[in-house]
Amino acid sequence: MKSIHVLDSHTGGEPTRLVLAGGPDLGTGPLTERVARFRRHFDAYRSAIVNEPRGSDTVVGALLVPPHRAGCDLGVIYFNNVGPLGMCGHGTIGLVASLAHLGRLPPGQVTIDTSVGAVSATLHNNGAVSVDNVPSWRQAHAVTLQVPGHGDVRGDVAWGGNWFFLVETHPFRLELAALEALTDFTWRVRQSANTQGFPEVDHVELFGPPAQPGADSRNFVLCPGKAYDRSPCGTGTSAKLACLAANGTLPAGAPWIQESVIGSRFSAHFRWHDQTKGQVIPTITGTAHVCAESTLLLDERDPFCWGIPP
Ligand code: PYC
């Protein structure tokens, strides 16, 4: 019987499962190499940790690893129901809140190595966490896709630590009552976007008016394994900031409040990283709550020991 010690949290409703002990040993070296090792040799662990019967489609795993990049205090590899993720904003907020809960992190700044670059997180005295994400940018503007069943759909391709296709104009209300239609539409958008020769778009993000006063926008984000993000998506909000910066519609330092499809919020702003290349450093602030500490038991006699793939 294998045992894996985990701490669960949620950030604006989106779960993060932090693996504290018993996860796969990926050795040393750059995190990109360790992610490749994870994918090649330990994918069953990924599935056992986040998929049913121990998890669900929406759980994001966070494997704590020794950092490689100079100046980083810790390292993390994110993964979901279908594979490793690049960066994860809600997951980084969950990671920091979880380490604080364990008494391993005092308020202040910590630098975290991820497979797509170093990020910096600040734990505030009130428990909120701000993440200075990797450089983010818009790759393509006003791309028209032919989406079967929906005709022409226009959007931007942007990097915010994962690749996004962002759509402003669509016929949907962003509410859970429309979940099936939203999922079907965004899945088709993703498939169409990935015939265009861009880097593989793994997330699709729709925008609409906020439901609550004080927010600037509401979003619906479809994740790579077809689950929707309950949080406003940290990397998705970063991609949005990159597009707003490229449009010139949000100045550096100005606040942007992003609401999720379930009404949770991140506040965000950006600073320029390289204005000539249109690259920004987004800062995303949110709060996570620890909700379970447990030991996952992996019994090889269990036919679903290694999880049920989605
Ligand atoms: O917050 O960046 C994020 C994220 C990515 C996938 C789910 N959440």
Side-chain angles (χ1 to χ4, degrees), residues 8-18 35 46 49-51 55-63 76-98 112 114-121 128-136 158-166 182-183 186-187 190 200-207 217-243 256-268 270 280-289 310:
D8 287 350
S9 63
H10 75 87
T11 309
E14 180 75 353
T16 304
R17 174 161 284 172
L18 174 61
V35 167
R46 176 194 58 73
I49 293 165
V50 294
N51 282 335
S56 77
D57 278 0
T58 191
V59 174
V60 169
L63 180 64
V76 63
I77 291 172
Y78 293 113
F79 52 99
N80 65 13
N81 55 343
V82 290
L85 264 177
M87 230 307 274
C88 183
H90 94 266
T92 305
I93 295 168
L95 163 67
V96 170
S98 295
I112 303 168
T114 80
S115 63
V116 294
V119 302
S120 153
V129 178
S130 295
V131 181
D132 289 355
N133 197 4
V134 292
S136 302
W159 170 257
N162 295 296
W163 283 105
F164 287 80
F165 194 84
L166 302 93
L182 290 166
T183 303
T186 46
W187 190 252
R190 181 184 171 196
E200 183 168 345
V201 166
D202 36 38
H203 295 69
V204 175
E205 187 168 12
L206 308 183
F207 295 92
S217 159
R218 188 176 181 92
N219 67 9
F220 173 85
V221 181
L222 189 75
C223 296
K226 235 180 179 177
Y228 74 94
D229 196 333
R230 276 68 170 160
S231 86
C233 192
T235 51
T237 301
S238 299
K240 173 70 176 175
L241 291 180
C243 293
W256 180 263
I257 309 294
Q258 186 66 60
E259 183 182 270
S260 76
V261 70
I262 67 162
S264 55
R265 287 181 180 198
F266 286 159
S267 59
F270 72 87
V280 300
I281 300 289
T283 300
I284 309 293
T285 300
T287 303
H289 296 274

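Atoms considered below: every heavy atom in the structure, side chains included; atoms not considered: hydrogens, waters and symmetry mates. Whatever order the structure lists them in is the order used to number ligands and atoms, beginning at 1.
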Visitor: Looking at every non-hydrogen atom in both residues, tell me the closest pair between Cys88 and Thr92 and how far apart they are.
Guide: O-OG1, 2.6 Å
Visitor: Go through ligand 1 atom by atom and flag the ones less than 4.0 Å from a non-hydrogen atom of Gly234.
Guide: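 By the 4.0 Å cutoff, the relevant atoms are 1 (O), 2 (O), 3 (C).
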Visitor: Quick one: do the Ser238 and Ser136 side chains pair a donor with an acceptor below 3.5 Å?
Guide: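 Per modelled atom types, Ser238 and Ser136 side chains form no pair under 3.5 Å.
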Visitor: Does Asp229 approach ligand 1 within less than 4.0 angstrom via side chain, backbone, both or neither, non-hydrogen atoms only?
Guide: side chain
Visitor: Heavy-atom contacts with Thr235 under 4.0 Å: which atoms of ligand 1 show up? List them by number with element.
Guide: 2 (O), 3 (C), 5 (C)
Visitor: Short N/O distance, under 3.5 Å, between Gly89 and ligand 1?
Guide: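 Min N/O separation from ligand 1 is below 3.5 Å for Gly89.
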Visitor: Name all residues meeting the salt bridge (charged side-chain N to carboxylate O under 4.0 Å, His left out) criterion together with Arg265; count only those two or more places apart in sequence or in a different chain, and write none if there are none.
Guide: none
Visitor: Out of all atoms in ligand 1, which are within 4.0 Å of some heavy atom of His203? Include the element for each.
Guide: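 By the 4.0 Å cutoff, the relevant atoms are 5 (C), 6 (C).
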Visitor: Please set out all donor-acceptor pairs under 3.5 angstrom arising from side-chain atoms of residues 219-228, sequence neighbours excluded.
Guide:
residue	atom	partner	partner atom	Å
Asn219	ND2	Glu205	OE2	3.0
Asn219	ND2	Pro232	O	2.9

Visitor: Does either side chain, that of His90 or that of Thr16, offer a donor lying less than 3.5 Å from an acceptor on the other one?
Guide: yes
Visitor: Tell me whether His90 has any N or O atom under 3.5 angstrom from an N or O of ligand 1.
Guide: yes
